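These numbers come from a predicted model, not from an experiment.
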Amino acid sequence: MTVPKEYVSHEIEPKWKKAWDMSMYHFDWNETTRPQYIIDTPPPYPTGNFHIGNSLNWCYIDFVARYKRMCGYNVMFPQGWDCHGLPTEVKVEEIHGITKNEVPREEFRQMCRELTRGNIEKMRETMLNLGFSTDWSNEFVTMEPAYYSKTQRSFRKMYDMGRVYQAEHPVNWCPRCETAIAFAEVEYEARGTMLNFLNFDKLKIATTRPELLAACVAVAINPEDDRYNEYVGINMKVPLFGHEVPVIGDREVDPAFGTGVVMICTFGDKQDVRWWMEHDLPLRKSIDRNGLMTSIAGKYEGMAIPECKDAIIEDLRAEGYLLEQKTLDQNVGMCWRCDTPIEILSERQWFAKIDTDAVSKAADEVMWLPPYMKVRLNNWIGTMEWDWCISRQRLFATPIPVWYCKDCDEVLVAKEEWMPIDPTRQQPPEACGCGCTEFEAEEDVLDTWMDSSITALHVSGWLSDHDMKLPTQLRPQGHDIIRTWAFYTILRSMALTGKRPWDSILINGMVLGEDGHKMSKSLGNVISPEEVIKDYSADSFRQWAAIGGSPGSDVMFRWKDVVSASRFFTKAWSIYRFAMSHLEDYEHTDMEVSELKVVDRWLLSNLNRLILSVTDSMDAYQFDEVFKAIRGFTWDVLADNYIELIKSRLYGDDETAKKAAKYTLFVTMDSLARLLAPFAPFFSEEMFSRIGERSVHLQAWPVSREELIDPDIEKSGDFIKEVASNVRRYKSEKGMALNTSLEKIEIYGTTMDTSDLAGVTNSPIEMIEGEPDFEHVPVNVKPNMGKIGPLFRGKAKAIIDALLDENPKKIADGISKGKIVITVDGEPVELEPDYVEVEKEVVSAGRSVDVLDVCGVPVVIVR
RNA sequence: GGGCCCGUGGUCUAGCCGGUUAUGACAUCGCCUUUACACGGCGGGGGUCAUGAGUUCGAAUCUCAUCGGGCCCA
């Protein structure tokens, strides 16, 4: 059993990647004993690049999945791919040098599928390189019939429940993408614009959108505004266009904005929609689906919006309607895909009903980590005004399974047993109720969120041969998609099953570049996980993910964290190599505590305490705390102290004492391999391969042996460690080599097993009862604020002052007598001995020695 | 304009249901090849805990205000 001197991650990681049988990570659908732990993994968009933000999130998921498996859960860590969407359409157009309307619909969709398959392949490779314990037997691809038929069936089910309906309603519209979009897809950007003051017949109005004059349907004022309320009810002529519109009163009008008079258009913004619905105003569509002016715009018909705006302002000015222009800061709603300002158009679209109460109630049943992230969902819920527009005018998406009868216009929604189906390619197998067999296919497709909002249902066996396992146990996702993915998933799960989708939701932060800004191509601060693996290792990357920050907070990527991670593995390897060199002929059997030395019991006490705290932190998803604790134990306790202390035993002749050290080393190596397994799957596997049978990833998580946690032993061990460390420092300060043999080390007033100490200091140790012939001179008094404060409250300060004024020697005498008496404001006050601590200085009395004070115990070094 | 999070040595951070001397990492300086490791060991320097006020015997910690940063939304 030779252990190579160096840990070469570039050989070991590929070795295990190749050797692992990934079926060990498969979920057992027929399990009856182990509890289920299903993860509703986010399906990434297959861009072909599994980026660092994905990687951070997946590291968190993998830590949990591996930990839960080791704890005896039947874990499903599935992998999905959210394929549909505009970016792929754009990419396909770019690659093939076409526009989507130049080729037949199906051919274009085929090109999109091919591109997507290749991209998925690339991303899978990165995921394997990062060592994720993905359950590939439960992979899903939303563009494949097996998945999108579920999307279509969910559409039909919700249609039957009356939760999906078609209607003409205002929608957010992207003129560039030529499609309706949902509020969740609208992003706001601060832009400067002109506020135009117009002479509007009898009143002056202020508007930022003069190009919508043709769509003006009313003028509104605040009914409490004395300047104008007499005008309510009369009609006014719209400048340039001449049609008459009524003046209405509405409290929402801000008298302080502009002139206090606004025009209502169909539609300039969301507020217009509210007024339009509330006051039952007519509809005037002045903008078409391409963002061009319609016929009601008269001579401006066919102009693009900015062009029309310029022309109308010119004409208003020429005809004397334009009174004034002021600059105004304004937030403009933009399409999140293409940054084009959106318009609100009235369109015949499909909608899903939003039941905010049901979503809110279900969200309360879910444990949010960190908890304040739920606030974001609730804030979003509070702003919902319209239902969710689920139809899109695109190609690469799940087809809406609907036809319209050519004779009677009746809507025919496909039956579930017909799915998957593309209505543009297949006719319904039944005639319309009116007897007609000629149908017009619905060409619109579904919003991609309609696919991805049923992942929780899909992975838990919905509409499959398996038993339904909803709710899943964990939803891991970023805080940027709470208003979309989290919201829609809860909505759909409640609508379709009446159950919450998950027990808990773990929110990860965004990854920031080394400059502290969000990683983006334009800032040039993008780092790919593959780069990190190449320069360091996958395990080092994973350690950065664990230790870089706590879940929920944004995490900065720093190369130096990766460097220190890889140094930790070097150190751990060195420890492992040392341990294994002494365990060559070791056969593991249980040992009684009585057979162990103090130092062994000290280490085991610390190890079991570590297991306890690490388990708690894992349960709380505090991976940074977990790894810091493991690192601290390994480096400080095990390497810097324990190993140094036992060397003399390991190299000595006392076989019993040697065996105790070997036993302790073995147990520690075995536990460490298991504790590291969720974080460093490759390194821990390499470690474990020389310790135990089969993969470390099939082993149980260590259980703390609490009977080995012993505060007294820890105290004794700490003392030995402190003596060793003080002697080391002493030698260092005196310029002595570390292995210099001192004539004698005397320790006073305590008894203990000194064999390891003699070994590590390479010097004889003598325990001497009583005090040394030196004087302990009390020099300083330290009041114990934690005790004095609460007891004496307002008097505390006076007591502390009195204590500090008093001669330290007198206080020390008081302590030895069991009672301290001091005078405060002329009154005697009694204090218990533990209310103060006295610092003492040891004064030498004639011997040529050095005296160290270790935890209050005099240690005398005879040179 | 509203909501949420956050300001701790040069950098990043722990502590934050109040208690003495504020944690660790990286960086920096000095010393050391001791049979696991120089990708190591030992030791040192460096912080008025953003600012101001309040509560309290006592505040990095609680309250308020101000300034600054980030995110989500209108």
For the pair made of [atom1] in [X] and [atom2] in [N], what is the distance, rounded to whole Å?
X: A:W635; N: B:C37; atom1: CH2; atom2: P; result: 14 Å
X: A:R631; N: B:A14; atom1: CZ; atom2: P; result: 15 Å
X: A:Q271; N: B:G1; atom1: CD; atom2: C1'; result: 15 Å
X: A:F578; N: B:G41; atom1: CZ; atom2: P; result: 15 Å
X: A:D624; N: B:G24; atom1: CG; atom2: C1'; result: 12 Å
X: A:R567; N: B:C26; atom1: CZ; atom2: P; result: 7 Å
X: A:F569; N: B:C37; atom1: CZ; atom2: C1'; result: 16 Å
X: A:W559; N: B:U11; atom1: CH2; atom2: C1'; result: 19 Å

Mind checking what makes side-chain hydrogen bond (donor to acceptor under 3.5 Å, both in side chains) contact with A:D653, not counting sequence neighbours? none

What distance, rounded to whole Å, do you find between the two [atom1] atoms, one in [N] and one in [M]?
N: B:C42; M: B:C67; atom1: C1'; answer: 44 Å
N: B:U23; M: B:G45; atom1: P; answer: 13 Å
N: B:C29; M: B:C37; atom1: C1'; answer: 23 Å
N: B:C26; M: B:G43; atom1: P; answer: 15 Å
N: B:G1; M: B:A53; atom1: C1'; answer: 27 Å
N: B:U20; M: B:A60; atom1: P; answer: 10 Å
N: B:G24; M: B:C64; atom1: C1'; answer: 33 Å
N: B:C57; M: B:G18; atom1: P; answer: 15 Å

In terms of the angle between their ring planes, are [X] and [Y] parallel, tilted or perpendicular, with boundaries placed at 30° and 60°?
X: A:Y621; Y: A:F623; value: perpendicular
X: A:W449; Y: A:Y488; value: tilted
X: A:F487; Y: A:W380; value: perpendicular
X: A:Y7; Y: A:W573; value: tilted
X: A:Y536; Y: A:W559; value: tilted

Mind checking which stems touch RNA chain B? I mean at least 3 consecutive Watson-Crick or G-U pairs, both distances under 3.5 Å.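 Correct response: B:1-7 with B:67-73, B:10-12 with B:24-26, B:28-32 with B:40-44, B:50-54 with B:62-66.
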
So, with a heavy-atom separation below 4.0 Å from RNA chain B, the residues of residues 636-645 of chain A are A:A639, A:D640, A:I643, A:E644

Residue pairs passing the salt bridge (charged side-chain N to carboxylate O under 4.0 Å, His left out) test with at least one member in residues 370-384 of chain A, sequence neighbours excluded, are A:D364-A:K374

Given side chains that start at C-beta, do those of A:P42 and A:N57 come closer than 4.5 Å, heavy atoms only? yes

Does the side chain of A:W544 come within less than 4.5 Å of A:F541's, by heavy atoms? yes

Between the NE2 atom in A:H582 and the CG atom in A:L650, the distance rounded to the nearest 0.5 Å is 5.0 Å

As an exercise, state the distance from NZ of A:K571 to CZ of A:R631, rounded to the nearest 0.5 Å.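 Between A:K571 NZ and A:R631 CZ, I get 13.0 Å after rounding to 0.5 Å.
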
Between A:I575 and A:E625, who's closer to the 5' end of RNA chain B by nearest nucleotide?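 Closer to the 5' end of RNA chain B: A:E625.
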
For A:K647 and A:D561, find the nucleotide of RNA chain B closest to each by heavy atoms; which residue's nucleotide sits nearer the 5' end? A:D561

If only side-chain N and O atoms count, and only distance matters, is there a donor-acceptor pair under 3.5 Å linking A:N606 with A:Y642? no

Can you tell me if A:T668 and A:S671 form a side-chain donor-acceptor pair at under 3.5 Å?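 Distance-only check fails for A:T668 and A:S671.
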
What are the atom names and distances for every N/O pair under 3.5 Å that joins the protein to nucleotides 2-6 of chain B?
residue : atom : partner : partner atom : Å
B:G3    : O2'  : A:N379  : ND2          : 3.1

Are any protein N/O atoms closer than 3.5 Å to N/O atoms in nucleotides 17-19 of chain B? If there are, list each pair with its distance.
residue : atom : partner : partner atom : Å
B:G19   : O6   : A:P790  : N            : 3.3

OP1 or OP2 of B:A38 less than 4.0 angstrom from a side-chain nitrogen or oxygen of A:K571, does that happen here? no

Has A:R475 got its NZ or CZ under 6.0 Å from the middle of the six-membered ring of A:W485, at an angle within 45 degrees of the ring axis?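 Judged by the rule (NZ or CZ under 6.0 Å from the ring centre, within 45° of its axis), A:R475 counts as positioned above A:W485.
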
Let's go through A:R209 and A:D272 carefully: what are the C-alpha distance in whole Å and the side-chain angles of both, what is the deciding distance for salt bridge (charged side-chain N to carboxylate O under 4.0 Å, His left out) to 0.1 Å, and is it a yes or a no? CA-CA 12 Å; A:R209 310 249 359 225; A:D272 281 344; over 6 Å; no

